[in-house]
Amino acid sequence: MSTQQTTVLTTGHAGSATPRAAAQCAASDAERFVRELYARHGTTLLAYAARRLDGDWHRAQDLVQETAVRAWRHGPSLTLSVDGIRPWLFRVLRNLVTDEHRARAVRPEAPLRGDDLVIPVADSADRVLAVHLVREALPDLTAQQREILHALYFRGLSVNHVSEFLDIPRGTVKSRAHYALRALERALVARGVVD
């Protein structure tokens with residue numbers, strides 16, 4: 001436990017009436033210590049581990065969690081200050097990553113069996129959601145923009161067919177479609193759907 005953690009764990013709880021109350025306070029202080037550790041150093045540690053593990057974010061998260069557990073268990077020699085704990089955290093994480101590489105070298109991953117394969121199944125949920133979001137944003141467009149998008153994308157007509165149907169040149173259909181799509185994108189950005 002860190003000095004701050006030890007301080008947090010001991011101050012204000014000396015007069016606890018029962019061992020159970022003291023244990024509950026210690027647990028909440030330990031949770032606070034780990035939360036603060038993650039808030040101050042978690043992102044940096046995770047990026048470092050993922051980089052060293054060739055982008056394996058799941059394994060990097062596991063190793064960062066193990067580093068946090070070791071920091072929590074280590075004792076009063078650690079403080080939450082950047083100078084006090086960060087070098088120690090990186091050293092522990094680097095050692096864990098090295099151990100991970102050594103373990104994989106000794107035991108290469110077994111090839112996947114047919115039972116282990118996860119094959120994504122196409123469903124229409126994403127498409128239904130996208131259509132719903134677009135239809136919700138369409139009222140933000142002008143009638144002319146909605147008409148072009150409806151003909152091209154909802155009815156699936158070609159530029160030539162839309163040109164004949166609306167009795168306008170093909171270039172105008174393309175230009176209106178371009179500006180209509182930009183207006184639709186702005187409407188979706190305003191709703192927080194796309195960046």
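Just so it is clear, the values below take in all heavy atoms, side chains as well, and ignore hydrogens, waters and symmetry mates. Worth saying up front: this structure is predicted, and the values here are computed from it rather than measured.
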Exercise. Does the Glu164 side chain pair with the main chain of His161, one donor and one acceptor, at a distance under 3.5 Å?
Worked result: no

Problem set entry | Test item: Trp72 and Leu37 side chains (from C-beta on) under 4.5 Å apart, heavy atoms | no

Exercise. Can you list the steps and then say if Ile148 with Gln145 is a side-chain contact (heavy atoms from CB on, under 4.5 Å)?
Worked result: CA-CA 5 Å; Ile148 287 289; Gln145 291 170 334; over 6 Å; no

For this session: State the CG-CZ distance between Leu184 and Arg146, to the nearest 0.5 angstrom.
Result: 11.5 Å

Exercise. Are Phe90 and Thr44 close enough that some pair of their side-chain heavy atoms sits under 4.5 Å apart?
Worked result: yes

Problem set entry | Residues that Ser175 engages under side-chain contact (heavy atoms from CB on, under 4.5 Å), provided they are two or more places apart | Tyr179

For this session: Check the hydrophobic clustering (I, L, V, M, F, W, Y; side-chain heavy atoms under 4.5 Å; chains of links allowed) and say if Val189 and Leu149 are grouped together.
Result: yes

For this session: Begin with the C-alpha distance, continue with both residues' side-chain angles, and end with the deciding distance and a verdict on salt bridge (charged side-chain N to carboxylate O under 4.0 Å, His left out) for Arg186 and Asp140.
Result: CA-CA 9 Å; Arg186 284 192 302 276; Asp140 292 357; over 6 Å; no

Exercise. Do Val69 and Leu93 belong to the same hydrophobic cluster, where Ile, Leu, Val, Met, Phe, Trp and Tyr are linked whenever their side-chain heavy atoms lie under 4.5 Å apart, directly or via other members?
Worked result: no

For this session: State the CD-CZ distance between Glu136 and Arg191, to the nearest 0.5 angstrom.
Result: 5.5 Å

Exercise. NE2/His58 to CG/Asp62 distance, rounded to the nearest 0.5 angstrom?
Worked result: 9.5 Å

Problem set entry | Leu45 side chain near Tyr38 side chain, heavy-atom distance below 4.5 Å | no

Exercise. Mind checking whether Arg104 and Arg59 have side chains closer than 4.5 Å, heavy atoms only?
Worked result: yes

Problem set entry | Minimum heavy-atom distance Ala187-Leu141, with the two atoms named | CB-CD1, 4.5 Å

Exercise. What is the minimum heavy-atom distance between Leu157 and Leu152, and which atoms define it?
Worked result: O-CD2, 3.5 Å

Exercise. On the ring face of Tyr48, is Arg94 found with NZ or CZ under 6.0 Å from the centre and within 45° of the axis?
Worked result: no

Problem set entry | Distance, nearest 0.5 Å, that separates CH2 of Trp88 from OG1 of Thr67 | 7.5 Å

For this session: Take His101 and Thr98 through the side-chain hydrogen bond (donor to acceptor under 3.5 Å, both in side chains) test and state the conclusion after the steps.
Result: CA-CA 5 Å; His101 285 298; Thr98 301; over 6 Å; no

Exercise. Are there more than 12 heavy atoms of other residues, nucleotides or ligands under 6.0 Å from atom CZ of Arg35?
Worked result: no

Exercise. Which atoms form the tightest heavy-atom contact between Leu188 and Leu133, and what is the distance?
Worked result: CD2-O, 3.8 Å

For this session: Please answer whether the main-chain N or O of Ile168 pairs with a side-chain N or O of Thr172 as donor and acceptor at a distance below 3.5 Å.
Result: no

For this session: Show your working on salt bridge (charged side-chain N to carboxylate O under 4.0 Å, His left out) between Glu36 and Arg32 and close with a plain yes or no.
Result: CA-CA 6 Å; Glu36 193 169 337; Arg32 196 170 350 153; over 6 Å; no

For this session: Applying salt bridge (charged side-chain N to carboxylate O under 4.0 Å, His left out), name anything that partners Glu147, two or more places apart in sequence or on another chain.
Result: none

Seminar exercise, completed: Looking only at heavy atoms, the pair that brings Leu89 and Ala71 closest together is CD2-CB, 3.9 Å

Exercise. For Asp56 and Arg51, what are the C-alpha separation, side-chain angles and deciding distance, and is it a salt bridge (charged side-chain N to carboxylate O under 4.0 Å, His left out)?
Worked result: CA-CA 8 Å; Asp56 186 349; Arg51 204 171 41 249; over 6 Å; no

For this session: Walk me through it: do Phe154 and Leu138 pass the test side-chain contact (heavy atoms from CB on, under 4.5 Å)?
Result: CA-CA 12 Å; Phe154 287 103; Leu138 281 176; 3.9 Å; yes

Seminar exercise, completed: Sorted by chain and number, sequence neighbours left out, salt bridge (charged side-chain N to carboxylate O under 4.0 Å, His left out) with Arg170 holds for none

Exercise. What pair of heavy atoms forms the shortest contact from Leu63 to Leu96, and how long is it?
Worked result: O-CD1, 3.7 Å

For this session: State the CG-NE2 distance between Leu46 and His41, to the nearest 0.5 angstrom.
Result: 14.5 Å

